[in-house]
Every structure is written in structure tokens, then in C-alpha cells.
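One-based numbering along the sequence shown. Just follow the structure's listing: the first ligand is 1, and inside any ligand the first atom is 1.
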Amino acid sequence: MNDTFLRACRGERVEYIPVWLMRQAGRYLPQYQAVRADVEFLTLCKTPELAAEITLQPVDILGVDAAILFSDILIPVEAMGVSLKFSDKNGPILNELIRNKSAVDRLIMPDAEDDMPFVIETIKILREKLKDKVPLIGFSGAPFTLATYMIEGGGSKNFLHTKKMMFQNNRLFNYLMEKLTLTVISYLSVQIKAGAQAVQIFDTWAGVLTPFDYKETVLPYLKKIISELKREAVPIIYFANDCAGILKEVKKSGADVIGIDWRIDIADAIKKLGRRVVVQGNLDPCALFLSKEEIEERVKDILWKGEAAKGHIFNLGHGILPETPVENAVALVEAVHKYGRKV
Ligand code: CP3
């Protein structure tokens with residue numbers, strides 16, 4: 001197996017900088033669209049053979065150095081008792097709003113083996129199929145990001161209801177965060193036991209908080225998750241979107257790898273995180289709409305700056321967009337492999 005990605009996560013020597021792309025399995029790929037044409041997104045996530053097939057698509061098409069389980073961060077939310085649907089226009093819509101104590105009380109603490117057996121099965125199929133290829137990354141949403149979906153009922157612009165609960169009923173907010181934290185720990189442990197060789201925690205909405213609120217109400221839960229998972233001895237990646245203002249706190253999370261978005265220069269991020277951290281990122285997903293020559297230039301710049309860190313895994317600064325030309329994603333991976341080679 002090509003274990004370059006795992007070695008880079010641990011800050012070990014690598015022959016070249018590994019690359020994978022957030023949301024690499026998805027709508028920009030005609031092969032995904034073909035499978036998705038007849039099957040609802042959530043059904044895809046819950047059908048191990050199909051989820052495994054989709055996970056493998058970008059490994060073969062792009063030549064990336066890691067596979068990420070095809071699923072969604074909201075799968076455990078559903079397992080906690082909040083049913084949901086995905087609308088093509090508006091993204092996820094949750095059928096219940098979690099805004100008071102009785103609603104939080106009612107949330108089930110899921111047992112992944114009973115409540116999300118399809119995730120375990122998908123991972124097992126994938127490990128078998130990826131044997132001679134690349135490592136498999138498992139993932140979960142971070143408690144704060146999951147809490148925003150539960151409280152807002154879907155996406156949001158200002159996260160008013162989330163912040164209102166945080167500010168006006170901090171005890172209830174912490175009670176919800178505590179339940180989500182325990183869920184994330186058990187969910188990721190089960191993924192690792194089933195065969196995930198690294199895990200990524202997605203904190204898509206962390207950047208909407210002030211550094212103070214992030215430090216007080218988000219970081220402690222993250223630290224707990226990461227310290228509990230350290231026992232499992234696989235690399236833990238923490239990706240906080242829009243992280244520039246909170247990097248000083250993010251550094252304290254204890255994650256092996258810190259994912260960074262594109263709004264900060266990677267050189268500045270490394271300065272803030274210190275040279276003992278492995279970084280992942282940070283190409284603007286829209287850079288994939290530039291010419292191939294310009295993509296190469298941006299890749300070289302990020303690779304060059306990334307050398308200052310203990311290790312670097314190339315990635316986008318957030319998920320690949322559905323409109324992305326596949327050939328440009330292929331060109332990106334080729335450019336990283338070409339210019340990220342260590343002689
Ligand atoms: O990275 C991968 O390829 C693995 C699969 C994956 C998906 N979602 C598939 C998906 C992963 C890791 C996620 C994580 C996820 N899901 C996050 C965190 C990462 C991020 O992008 O910030 C969030 C916030 C979600 C919630 C979610 N799921 C939204 C807001 C949406 C709708 C908008 C969108 O980007 O599509 C989804 C749907 C979704 N998740 C799709 C896929 C392939 C599209 C579903 C379809 O085919 O209609």
C-alpha cells in the first residue's frame with residue numbers, strides 16, 4: 001500500500017507530498033452522477049456496496065494518495081433521532097429543531113454497531129478493496145458544527161439560534177455539546193476499529209465564532225475527543241473552516257494534523273501553528289477554474305511555503321465544487337506529485 005499520506009500525517013519522511021481533496025467523491029464526477037441518478041443521496045450513504053464504489057472513484061480517476069469514506073457528517077445526527085432530508089437547492093433540512101431541554105433529552109446516544117452498521121460494512125469492504133492502493137480516512141462532524149445543524153434545522157447565515165442558545169442558555173448548549181462529543185468519540189472509535197486508518201473531524205462552522213467563544217465553548221470538547229481517540233493510535237486531522245482568527249486556539253486541540261482553508265496564506269498559518277505541526281490544505285477550491293499553468297503556479301507556491309511545517313498534506317481549503325472540471329482536478333494531483341517530490 002502507498003502509505004505516503006499516513007507517514008506525512010505522522011511527520012515522517014516522505015518521498016513526495018501526498019494529496020487528497022475534500023469532497024473528492026461527489027457531484028463533479030460523471031461517474032458519481034451516474035450512480036446517483038437512480039439513488040437518493042442518503043440511500044447511497046446507507047448502501048455499503050455503492051458507498052464503497054463511490055469512495056473508490058476519485059482514487060482511480062484522480063490518483064489521490066488517500067480515500068475518504070463516502071458518507072455525510074449528518075448520518076450520526078439521524079442516528080440520534082433527528083430525521084433529515086437533502087434538498088438539491090437548500091442542502092440538508094432537519095425535521096426537528098433542537099432548541100430546548102426536552103429536545104436535547106430526547107436525543108439518543110447512538111450505538112454505531114446497531115444504528116449505523118452500514119458505515120462499518122462500507123469501511124470493511126473498502127479496506128479489502130484498497131489493500132494495494134491507499135489508506136482510508138474515516139470522518140465525523142465536530143460537535144459545534146453538528147450542533148449548528150441541529151439548532152438551526154439546516155444551513156444558516158448568521159447562526160443566530162445557535163449563538164442565542166450559547167449566550168442565553170449556556171448550560172443547555174453545553175449539555176448538547178456533551179451529548180454530541182460522546183457520540184463523536186464512539187462513532188470515530190467504531191470507524192477506526194472497523195479499519196479507518198486516519199480520521200478527520202470537520203468543523204465547517206467553527207470560523208463563525210469569536211476566538212473567545214471558540215476557546216470557551218468549542219475547544220474543550222474537541223480536546224476531549226482528540227485525547228480519547230489518541231488511544232486508537234491513528235492520525236487525527238482537525239479541519240476548522242475559516243480558521244485564521246482562531247488558529248492560536250486550534251493549535252491547542254492536540255490534533256496530529258491541522259487542516260486550513262484558503263483565506264489565510266499557508267506561510268502565516270504555519271507561523272501561527274508552529275513548526276511542530278503537520279498542516280493540510282490550502283488551495284482555494286475556485287483555483288481549479290484557472291488554467292492548468294496557473295494551477296501549477298499556485299501549487300508550487302503552497303508546496304514551497306508548506307516546507308516550513310513539520311509535514312504537509314496537500315488539499316483544497318474546502319470541498320471541491322460540483323462545477324469543477326475533472327481534468328483540472330487531475331492536473332492538480334499531477335502537479336502536486338511532480339513539484340512536491342523530494343529528491
Ligand atoms: O469528502 C468526501 O468525498 C466524502 C464524502 C462527504 C460528503 N459530505 C458527501 C456529500 C463528506 C466528508 C461530507 C462532509 C460534510 N457534509 C460536511 C463537512 C465538510 C464541508 O464541506 O464543510 C458538511 C457541512 C456536510 C453537510 C452537507 N452534506 C451539506 C451542506 C450538503 C449539501 C451541499 C453540498 O455541498 O452538496 C451535503 C450533501 C452532500 N454530502 C453531497 C455529497 C457528495 C451531495 C449530495 C448529492 O449528491 O446530492
From CA spacing to verdict: side-chain hydrogen bond (donor to acceptor under 3.5 Å, both in side chains), Thr162, Glu152: CA-CA 7 Å; Thr162 306; Glu152 306 290 338; 2.6 Å; yes
Heavy-atom neighbours of Lys163 NZ exceed 12 at 6.0 Å: yes
Leu74 and its side chain to side chain contact (heavy atoms under 4.5 Å, CB included) partner, picked from Val82, Leu84, Thr145: Leu84
Summary of salt bridge (Lys or Arg N to Asp or Glu O under 4.0 Å) pairs that have at least one residue in residues 39-64, sequence neighbours excluded: Lys46-Glu78, Asp60-Lys133
Atom 15 (C) of ligand 1: the protein heavy-atom neighbour that sits closest, reported with distance to 0.1 Å: Arg23 NH2, 3.4 Å
Passing option when Leu126 is tested against Val59, Thr55, Ile68 for side chain to side chain contact (heavy atoms under 4.5 Å, CB included): Thr55
Nearest-neighbour protein heavy atom for atom 5 (C) of ligand 1, which is reported as residue plus atom name and distance: Ser71 O, 3.6 Å
Subset of ligand 1 atoms that lie under 4.0 Å from at least one heavy atom of Thr204: 18 (C), 19 (C), 20 (C), 22 (O), 24 (C)
Proximity to ligand 1 by part of His318, non-hydrogen separation under 4.0 Å: side chain
Contact check, Phe239 vs ligand 1, heavy-atom distance below 4.0 Å: no
Tyr32 touching ligand 1 at heavy-atom level, < 4.0 angstrom: yes
Heavy-atom nearest neighbour in the protein, as seen from atom 42 (C) of ligand 1, with distance rounded to 0.1 Å: Phe41 CE1, 3.5 Å
Any Ala25 heavy atom less than 4.0 Å to ligand 1: yes
Residues Asp301 and Lys305 bridged, charged N to O under 4.0 Å: yes
Ligand 1 versus Leu69: contacting region, heavy-atom distance under 4.0 Å: backbone
Side-chain donor-acceptor pairs under 3.5 Å in residues 25-34, sequence neighbours left out?
{"from": "Tyr28", "atom 1": "OH", "to": "Gln24", "atom 2": "O", "distance (Å)": "2.6"}
{"from": "Gln33", "atom 1": "NE2", "to": "Arg27", "atom 2": "O", "distance (Å)": "2.7"}

Within 6.0 angstrom of Lys85 NZ, more than 12 heavy atoms from elsewhere: no
Protein heavy-atom partner closest to atom 44 (C) of ligand 1 - residue, atom, separation in Å: Arg27 NE, 3.7 Å
For atom 37 (C) of ligand 1, closest protein heavy-atom neighbour: Phe86 CE2, 3.3 Å
Under 3.5 Å: N/O of Tyr149 near N/O of ligand 1: no
Distance from atom 16 (N) of ligand 1 to nearest protein heavy atom, with residue and atom: Asp72 OD1, 3.0 Å
Distance from atom 48 (O) of ligand 1 to nearest protein heavy atom, with residue and atom: Arg36 NH2, 3.0 Å
Identity and separation of the nearest protein heavy atom to atom 14 (C) of ligand 1: Ile73 CG2, 3.7 Å
Salt bridge flag under 4.0 Å for residues Glu121 and Lys124: no
